[in-house]
**Q** 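Pasting a structure here, questions to come.
Whatever order the structure lists ligands and atoms in, that order sets their numbers, starting from 1.
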Amino acid sequence: QPSWRDSRGGRSGGGGPASTSGRRSAADVFGAGGRGRGRGRGQDRGSQGQDRGTASAPASDEDDDAEWGPGQGPRGPDLPPMNPTYRYGDPSLPVSKYRRQILWLVENHAVTIIVGETGSGKTTQVPQFLLEAGWAESGYAIACTQPRRVAASTVAARVAEEMGVELGTAVGYAVRFDNAISERTRIKYLTDGVLLREMMDDPLLTQYSVIMVDEAHERSLATDMLLGLLKKVLKRRPDLRLIISSATLEAGKLRDFFDTSTSASTARRRAALAAAAAAAGAGVGGVGCSEPDRTPAVVTVEGRTHPVQVHYLQQPAADYVAAAVSAAVDIHCEDLPGDILIFLTGQEEVQAAVAQLEEQSRRLAGGRVSYSLRMMPLPLYAGLPGAAQSAVFRPAPRGVRKVVAATNIAETSLTLEGVVYVVDCCFVKQRAYNPLTGLESLLVAPLSQASAAQRAGRAGRVRAGHCFRLCREEDFAQLPKVTVPEMQRSNLVSMVLQLKSLGIDNVMRFEWLAPPPAEAMVRALEELHALRVLDDDVRALEELHALRVLDDDARLTKDVGLALAALPLEPSLGAALLAARRLGCVEELLTVAALMSVPHVWAPAAGALRAADEAKAKFAAAEGDGVTMLNVHRAWRSSGRSSAWAGRHFLNASSLYRADEARDQLLGLLRRHGLLDANTPPPSCGADMEPVCRALAAGQFMCAAVYEGTQYNPLAAESDPGVHVYRLVRYTAHKTAPLKLRIHNSSVLWRSAPPCVVYRSVQQADSGWYEMQGLTAVQPDWLVELAPHMFHRPK
Ligand code: CDP
Ligand code: MG
């Protein structure tokens, strides 16, 4: 029985008082709109457009908009006319009270920051307000970015349902290699990464009238990069509006970052307003002020959260999965109603917890005590197949208590209704990057207090709730206050490549919300220099030059560099695909790159991990995980792309369909950039897999490791295969301590120990080992041939 200690404070989460800030000038009162998009601003107000004394942004609209048509009612002079009907969305959500205020601020300010508790309706409602107010007329669309793919698609589905339209028509989503959008799409939910890609074709994002950067508090790498770029775009597009929404109160920093008001811009704005007023007075009407206020406005949406009492363990827990399960069972046995949400770090932990909960549930059902509720354990993680995901969001049937074991995705991007108890392991799986070793890995790290407060807040949606943190209160006090932004702990190669392709060559001088570490930037430039795409026979130096990604001024080379940036792949896989042209295996590499890039190709169910491993073994290739993917794809094609077949082999059919789309998209891009002949099918190497491995080596040579030996545990059983230890190749030259790696057990090469491999990613295990994933067995000689600027034969 764990013993719990209650926190001294009572309340967790909860929004601040409603407030607005931002400069209030005479111009605000005037608020001339009429951006000429058929919203009819300006006319009805322009004629009365004198200074109305002290201005204030409209307060929250307690009074229902729906009752008042344009030009009547309590609407102050500083409020824009409203659409008489309020058709869309859910007016009961906290954000709906701020509808008019938000619309007014968006109309008048270039940047509006919306701060509000998770679940207050920012993501689902604000784009609908904008749509109704006319921001998506004349062919414009409204974009709302999400750091997570799952959030983009589920939120879009929800909004389509609220608006009574089919997903992919007026409301759609776009994530990498998967979208549901059409010409008619007016509200587009997309990942921040996809919007960055759109910038490559259209740097000023001219199809959008408003861009809402959602979940900005998460500070994902792509969000930070996007905010820096949008600041530039706003300078060129006075008609564009930016909304930044965040679940935490850290708005000050964002406001300072976007505050570009200068005396000149204020004077311009005043002049434009005066001209608009004069024109309207002269009966011309409808001449709008296109110069918005350059001071960002901040709206704080007061949530409707209930108090959450926080409890801590008296003794630290040795195994947090087991501790979480037992805490959930204890809560269940209290026999009070309310769903339970457990936060764990990854899919494996979630599946283990669900298996243990199912066992406990059976045990309880067979016991003597009878409970009023039956326990229904459910998993929630990003790769969960669609049907299982909707089960999590459906309210529990009568007599059933949902116990959802989730990863971090339930922290802010998705809201589960009905949760009253939160069990938090206080850990999170995060990216970590060491620029000295160049290793980027995923590792389980202590949660920040800010994230813990978010997680606790999930318990207060329906009524007063409880949060059980699986650590001691004194240990909790030692946790970092906030999460370090992803940019500070990532490999920046991909980001630098994208910035350069947007013409931002001096990446060190880019305006960052928080600048990334200089060592990481230098490292990224080094890697880009190294990443030339070479033929397997070493050519004359001049020709090598032409094939480089960066030229002597560190700009992207016209052909290879730009193409690499345009491929929606991580640079090493992109480089492998480009190398495949000369190796005659583009057909194969398209498939490998696509399958390695769509997430969650394997979908093992919680109770069937063993069976899933056996299914995977059927496709296993001695060459490694890339060629295994080719086998999977061949078998999938010959099954007639059957979902049932995929299910039987523990493969995720929707990921496989998506991989096919990704393949087509990549092929199209190669052709568009003139890197592949448009009229002939892509070259194939047939049954010979060596070119495929060589191409992967050509892209991933920075991630080459050699076998060093096997470590046996003297206490383990004799059948124990031991640990095959690898050493990263490229650091032998750098005289840093050699890094020890081993093969992750998800790789088909796990048991074998090839002398030399390239890998796609590493993950740091609890034991401290770096574990390689996505492996290909290669010949050391190839590395010397493919990347002579990096490797040479030992003498
Ligand atoms: O963005 P924010 O966290 O402020 O809230 P939201 O995502 O717009 O959610 C508003 C409401 O819609 C919440 O009550 C959610 O539970 C609900 N919602 C839902 O039921 N299903 C979804 N897929 C998304 C939201
Ligand atoms: Mg949201």
**Q** Residues around ligand 1, heavy atom under 4.0 Å from any ligand atom, sorted by chain and number. Can you pull those?
**A** Leu93, Glu117, Thr118, Gly119, Ser120, Gly121, Lys122, Thr123, Thr124, Thr154, Arg158, Thr415, Glu417, Arg461
**Q** Pick one: which of Val444, Val423, Asp424, Val325 meets side chain to side chain contact (heavy atoms under 4.5 Å, CB included) with Tyr320?
**A** Val444
**Q** Inspect the contact between Arg458 and Glu117 and indicate whether a charged nitrogen and a carboxylate oxygen are less than 4.0 angstrom apart.
**A** yes
**Q** Run the salt bridge (Lys or Arg N to Asp or Glu O under 4.0 Å) test against Glu661 and tell me which residues pass, sequence neighbours left out.
**A** none
**Q** Under a 4.0 Å N-O cut-off, is there an ion pair linking Glu218 with Arg148?
**A** yes
**Q** Could you tell me if Thr345 and Glu349 have a donor-acceptor pair between their side chains, going purely by distance under 3.5 Å?
**A** yes
**Q** Say whether Tyr173 and Asp178, considering side chains only, have a donor N or O and an acceptor N or O under 3.5 Å apart.
**A** yes
**Q** Can Thr223 and Glu215 be counted as having a side-chain donor-acceptor contact under 3.5 angstrom?
**A** no
**Q** Under 2.8 Å from the Mg ion (ligand 2), which protein N, O or S atoms are there? Could you list them by chain and number?
**A** Thr123 OG1
**Q** Show every salt bridge (Lys or Arg N to Asp or Glu O under 4.0 Å) that has at least one partner inside residues 390-412, sequence neighbours left out.
**A** Glu411-Arg455
**Q** Would you call Lys188 and Glu198 a salt bridge, taking side-chain N to carboxylate O under 4.0 Å as the test?
**A** yes
